[in-house]
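Everything on this sheet refers to the single structure shown next.
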Amino acid sequence: MPVDTAQSPLAGLPQEPGVDKPDPILVVDRMRKAFGGLMAVDVHRVSIQRGLITALIGPNGAGKTTFFNLLTGFDQPDSGTAVFDGKDVSGVSPFRLANMGMVRTFQLTKSLTRLSVMENMKLGAKGQVGEAFLRAFLPLIWRGQEREIEARAEDLLARFRLSHMRDEYAGTLSGGQRKLLEMARALMAEPGLVMLDEPMAGVNPALTQSLLEHVKSLRTQGITIVFVEHDMDVVRDISDWVVVMSEGRVIAEGPPDAIGQDPAVIDAYLGAHHDAPIGEEQEEQQLAEIEAAEAERSEPGSEL
């Protein structure tokens with residue numbers, strides 16, 4: 001369950017786009033990205049509260065994936081800054097961000113299918129001494145660290161209920177198991193911030209609840225989570241704060257229960273005035289158009 005609203009560090013904050021959080025781990029300022037003449041992202045300001053779960057939502061084409069890629073270094077912004085844990089990370093490459101404590105998963109999993117599950121896990125650990133070319137030929141230098149990494153991987157595989165698959169090729173896992181593997185591998189880097197791109201997409205119902213519980217457990221360990229999701233039931237279940245995007249901009253922020261009642265969010269998803277009553281003049285115009293269409297269909301030869 002989300003953090004109790006009354007006890008949340010976000011309690012009492014204005015529910016408006018760009019509101020500053022009391023202890024942000026990530027702050028984005030004036031970030032823009034255009035593709036040709038299309039402005040895909042134009043975010044004035046967003047801050048992510050440390051230690052909580054933040055959902056990034058919006059209709060299709062809202063710019064969520066592009067914004068996510070900009071934050072994690074897979075795309076570079078045309079302008080703007082991102083500050084992670086007090087350090088400016090604008091333009092920093094993904095592997096450097098991972099070393100700094102920001103890791104991500106993908107909607108389409110990126111497991112190395114021809115390596116075993118355990119080998120995939122061990123690749124996620126950072127600062128491995130044996131990765132240097134010359135040191136690779138001196139096992140006495142790195143063997144102890146290798147044992148520690150493998151022990152940590154074993155613990156995570158047990159926690160994600162993948163121990164029985166440790167020696168199987170990652171390519172033999174089901175879609176849901178690959179999601180679990182990717183999340184477990186991300187934790188091998190001991191991150192402070194985990195970015196999850198649609199973690200429930202393509203997962204069968206039997207594994208969805210397991211994934212949700214794992215995401216919630218990360219918060220209890222003090223890890224900050226940002227995730228992109230379309231399923232509003234999932235958003236309400238696990239998120240503490242919701243950021244809503246539409247047409248590349250942040251249009252609303254707030255706790256999940258309040259976001260569902262926000263007129264700007266309703267308009268973004270369903271269209272402005274989707275349930276507003278029409279006036280008498282509009283009604284007469286619509287009736288006239290219907291009658292004209294009926295008359296055209298009834299004319300001789302109109303079906304030819």
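If you take CD1 on I238 and OG1 on T54, they are separated by 10.5 Å, rounding to the nearest 0.5 Å. Note that the CG atom of L157 and the NE2 atom of H164 stand 10.0 Å from one another [nearest 0.5 Å]. If you take CE on M188 and CE on M121, they are separated by 5.0 Å, rounding to the nearest 0.5 Å. For the atom pair K33 NZ and M39 CE, the distance stands at 10.5 Å (nearest 0.5 Å). Atom OG1 of T208 and atom CG of D237 lie 11.0 Å apart (nearest 0.5 Å). The distance from atom CD of Q49 to atom CG of L10, rounded to the nearest 0.5 Å, is 5.0 Å.
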Where do V215 and F227 land on the side chain to side chain contact (heavy atoms under 4.5 Å, CB included) test, with the steps shown first? CA-CA 10 Å; V215 173; F227 73 103; 5.5 Å; no

For side chain to side chain contact (heavy atoms under 4.5 Å, CB included), just list the numbers for V242 and V265, CA-CA rounded to whole Å, side-chain angles, deciding distance to a tenth of an Å, and then say yes or no. CA-CA 11 Å; V242 181; V265 178; over 6 Å; no

Would you check, one step at a time, whether the test side chain to side chain contact (heavy atoms under 4.5 Å, CB included) holds for K21 with L52? CA-CA 11 Å; K21 311 305 184 301; L52 296 184; over 6 Å; no

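Looking at residues two or more places apart in sequence or on another chain, you find a side chain to side chain donor-acceptor pair (under 3.5 Å) between R50 and D23, D85. In this view, F84 satisfies the ring pair (Phe, Tyr, Trp, His ring centres under 6.0 Å) rule with no residue, not counting sequence neighbours.
The hydrophobic clustering, which links ILVMFWY residues whose side-chain heavy atoms are closer than 4.5 Å, places V250 and V27 apart. The hydrophobic cluster containing V243 also contains L13, counting ILVMFWY residues as joined when their side-chain heavy atoms lie under 4.5 angstrom apart, directly or transitively. The cluster map of Ile, Leu, Val, Met, Phe, Trp and Tyr, joined by side-chain heavy atoms under 4.5 Å apart, puts V19 and V83 in different clusters. In this structure, L212 is a member of the same hydrophobic cluster as L196, with clusters built from ILVMFWY side-chain heavy atoms closer than 4.5 Å.
By the 6.0 Å contact criterion, CD on Q261 is open, its count of non-hydrogen atoms from other residues, nucleotides or ligands being 12 or less. No more than 12 heavy atoms of other residues, nucleotides or ligands sit less than 6.0 Å from atom CD of E247. Atom CZ of R161 has 12 or fewer neighbouring heavy atoms from other residues, nucleotides or ligands inside a 6.0 Å radius. Atom OH of Y169 is surrounded by 12 or fewer heavy atoms from other residues, nucleotides or ligands within 6.0 Å.
Of the possible polar contacts, none joining the S116 side chain to the D167 backbone as a donor-acceptor pair under 3.5 Å is found. Side chain of K122 to main chain of A153: no donor-acceptor pair is present (N/O by atom type, distance under 3.5 Å, no hydrogens or angles). Formation of a donor-acceptor pair under 3.5 Å by the N69 side chain with backbone atoms of D75 is not found in this model. Checked by atom type and distance alone, the side chain of E229 pairs as donor or acceptor with a backbone atom of D231 at under 3.5 Å. Remark: side-chain polar atoms of K64 are paired, donor with acceptor, to backbone N or O of P59 under 3.5 angstrom. Between the side chain of T105 and the main chain of M183, no donor-acceptor pair closer than 3.5 Å is present.
Between L71 and M102, the shortest heavy-atom contact is O-SD, 3.4 Å. A pairwise comparison of heavy atoms in P14 and W241 identifies O-CH2, 4.3 Å as the closest pair. Taking each heavy atom of V28 and M31 in turn, the nearest pair found is CG1-CB, 3.7 Å. Smallest separation of non-hydrogen atoms from I251 and S246: CD1-CB, 3.8 Å. In plain terms, the two heavy atoms of S239 and A55 that are nearest each other are CB-CB, 3.9 Å. Nearest heavy atoms, R236 versus D233: NH2-OD1, 2.8 Å.
Of the charged side-chain nitrogens involved, at least one lies within less than 4.0 Å of a carboxylate oxygen, so that R185 and E182 count as a salt-bridged pair. Here E253 does not pair with R45 in a salt bridge; the nearest charged N to carboxylate O distance is not below 4.0 Å. With respect to K216 and E213, a salt bridge is recorded, a charged nitrogen being found less than 4.0 Å from a carboxylate O.
If you chain together ILVMFWY residues whose side-chain heavy atoms come under 4.5 Å of each other, F35 ends up in a group of its own. L123 belongs to a hydrophobic cluster whose other members, connected by ILVMFWY side-chain contacts under 4.5 Å either directly or through intermediates, are L112, L115.
Taking the six-membered ring where the residue is Trp, F106 and F74 present perpendicular rings, their angle passing 60° and hence far from 30°.
The list of salt bridge (Lys or Arg N to Asp or Glu O under 4.0 Å) pairs with a residue in residues 189-212, not counting sequence neighbours, reads R104-D197. Listed by first and then second residue, the salt bridge (Lys or Arg N to Asp or Glu O under 4.0 Å) pairs that reach into residues 94-103 come to none, sequence neighbours excluded.
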